[in-house]
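Here's the structure we're looking at; comments come further down.
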Amino acid sequence: MNHAGVPRGYWAKPDRRPAAASLSNGTGKIGLWLAMASVFLTPFNILRVDTFYFTASDAFALAAVFAMVLGKSLSPAPLAAGTLLWNTGVALLCGMLLLSSLINGDPQRGFIISAQYLYAYFLLAFMLASRPWSETVLLTKALICSIGLMCIHGIVVIDILKQQGTYLTSGNGRFIGWVERENECATLIALAVPLLLWLVASGGARPRWAWIGVPLFAYGIVLTGSNTGLIGLVVALTVFVAMTGSWRRIILLAVSSLGAFFVVVTWGRDFLPPIFQRRVLNALQSGDIDEAGTFADRMRLIHEAITKADSSSLLGIGADQYRHFSELHAPVHNVYLLIWVEAGLLGLIGFLLMLVAGIIIGMLAARLRQGRISAICTLTTVLLFAALANALPHLYSRFFVVPLLLGIAPSVAILRGGPVPGAVVGFLRNARSTRGRLQLLQRRSN
């Protein structure tokens, strides 16, 4: 990495993407702005139609893909070397969900759920994962800003206005945000942490934004009262910092984490929101995990799903059918077991292949000296997504998939090896000689 955070030699390599994909092209500019609008609106799950799951973010995403088609910048391999494995996983997952629904379940739900997965993991990959470095930075900033605004909004609504039972808060005072679900809101915030750390580590944002953003995201998770989100935050910070290999950062994280834990356990009741005290702090102070939210009920569903998985070796019971077979009439909050039961073993293998594809992309980028930070971002995001999937049902909602794809995108950009467009010079503001680098960049782009 150079002093500006741009990978050495990155802009010096020939761009193998069509010229229409550059920022200087009119269609490319429109497509980029549409993609940024889609990413910014990702947390706005409240902006959707009532008849089926289609959000404002989806509308901008489809428009962005259409613009890419018109500009002839739609890459046939949006995930570079991982495209074949990723697409194979998507095909297996969607195909087995649909087949199981046609034979054992509800064909209508099978078509709907399969289409949702196909749209989220296949079509969105073209919009998000195949862009050059600078555009990836802009899209990531759009998501970070949106989630940051959501957390600030939560602080205003809960801590200042003291509202409960509104469209942003549940009846017991938990922050549900624009996502409309507590644990899912916390999960989205946690998935944004490695993206923010990557922006800072790569030079796309100044270090002060990490010191502002991470505490803000952490308090946003506190407002949700989500154990899942809190664990995800810890995993994201630990994995990202550990992969950097810097003992100074590791020691700093360990000391600050222990200090924060001591303060929370000792004086947390004096300043933490009541919902966090009931759902998280009581369990930390007593050491009784049964006090951690709905842990006991979730474990019952998991044990039930394990017994049902034995009879779903080939075909499953069909998409969205678990709630009808369950004694608790609820889907198991473990996407691996849920897919295994509803889509069969081949469907589960398909989902795992997508995760493996993300890991392979990160490992390939790690082999390049200039791809180390991007690889850390990708591996952290994929591993965090895989860990959080143990506590969530179906994962086709865009606020799950967009952070995953944006976490993979930096490694894809490195593997593609295109230039940094001349219209985006934000990386260069920390350079030792800004004027000289701008002139060199201008000559390269010409």
Side-chain angles (χ1 to χ4, degrees), residues 15 17-45 47-48 54-80 83 86 116 118-150 178 188 191-192 195-196 198-199 202 204-205 361 374 377-378 381 396-414 416 418-424 426-427:
D15 190 2
R17 291 161 49 88
S22 67
L23 287 174
S24 61
N25 179 272
T27 306
K29 286 184 179 180
I30 295 174
L32 176 60
W33 282 108
L34 290 170
M36 289 180 64
S38 174
V39 170
F40 183 83
L41 292 173
T42 295
F44 288 77
N45 203 52
L47 302 178
R48 66 179 188 277
F54 186 82
T55 66
S57 174
D58 295 332
F60 281 101
L62 290 178
V65 172
F66 183 66
M68 294 176 72
V69 173
L70 290 180
K72 299 180 180 180
S73 60
L74 202 66
S75 171
L79 292 168
T83 301
W86 179 276
Q116 292 287 351
L118 185 64
Y119 169 82
Y121 289 90
F122 181 74
L123 189 65
L124 288 185
F126 288 95
M127 183 190 77
L128 298 174
S130 62
R131 295 185 176 273
W133 176 275
S134 56
E135 295 183 14
T136 299
V137 170
L138 291 176
L139 292 176
T140 304
K141 286 183 176 181
L143 181 64
I144 296 298
C145 289
S146 180
I147 295 175
L149 287 175
M150 183 176 68
W178 304 321
L188 170 61
L191 284 169
L195 300 178
L196 174 60
W198 168 72
L199 278 177
S202 65
I361 292 170
S374 297
C377 174
T378 297
T381 303
Y396 55 76
S397 298
R398 271 45 111 193
F399 50 79
F400 291 133
V401 184
V402 168
L404 173 65
L405 291 173
L406 284 179
I408 296 174
S411 291
V412 175
I414 288 292
R416 288 185 179 278
V420 175
V424 181
F427 299 128

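In this structure a side-chain-to-backbone donor-acceptor pair under 3.5 Å is present from Thr140 to Thr136. The closest donor-acceptor contact from the side chain of Lys141 to the backbone of Ala205 lies at 3.5 Å or more, if one exists at all. Not a single donor-acceptor pair under 3.5 Å links the side chain of Ser38 to the backbone N or O of Phe60.
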Step by step, would you call Ser75 with Ser130 a side chain to side chain donor-acceptor pair (under 3.5 Å)? CA-CA 7 Å; Ser75 171; Ser130 62; 5.2 Å; no

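Remark: Leu143 CG to Ser57 OG distance equals 9.5 Å, nearest 0.5 Å. Residue Met127 holds its CE atom at 9.5 Å from CG of Leu34, rounded to the nearest 0.5 Å. In this structure, CG in Leu79 is found 8.5 Å from CZ in Arg416, a value given to the nearest 0.5 Å. Here CD1 of Ile144 is found 12.0 Å from CG of Leu139. Values are rounded to the nearest 0.5 Å. The CG atom of Leu128 sits 11.5 Å away from atom CD of Glu135, with the distance rounded to the nearest 0.5 Å.
Annotation for Leu124 and Ala120: closest pair CB-O, 3.2 Å, computed over non-hydrogen atoms. In this structure, Ser411 and Thr378 approach most closely via the heavy-atom pair OG-OG1, 2.6 Å. Between Leu195 and Cys377 the shortest heavy-atom distance is CD2-SG, 4.0 Å. Minimum heavy-atom separation, Ala413 to Trp133: CB-N, 3.8 Å. The two atoms that bring Thr83 and Pro78 nearest to each other are OG1-N, 3.7 Å, heavy atoms only. Shown here for Tyr121 and Tyr396, the closest heavy-atom pair between the two residues is CE1-CA, 4.4 Å.
No side-chain heavy atom of Phe399 sits less than 4.5 Å from a side-chain heavy atom of Pro43. In this structure the side chain of Met150 reaches within 4.5 angstrom of the side chain of Leu188, judged on heavy atoms. Contact annotation: the side chain of Leu123 never approaches that of Leu118 to less than 4.5 Å [non-hydrogen atoms, C-beta and beyond].
Between Phe44 and Trp178, the ring planes are parallel. Angles under 30° get that label, and only those over 60° would be called perpendicular.
Taking Thr381 as the reference, nothing meets the side-chain hydrogen bond (donor to acceptor under 3.5 Å, both in side chains) condition, with sequence neighbours excluded. Ala56 meets the side chain to side chain contact (heavy atoms under 4.5 Å, CB included) test with Leu41, Leu47; sequence neighbours excluded.
Between Phe122 and Phe126, a ring centre-to-centre spacing shorter than 6.0 Å is recorded.
Each of Thr42, Thr55, Asp58 was evaluated against Arg398; a single residue qualifies, Asp58, per the side chain to side chain donor-acceptor pair (under 3.5 Å) test.
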Return all side-chain donor-acceptor pairs below 3.5 angstrom for residues 401-408, not counting sequence neighbours, or 'none' if the list is empty.
none

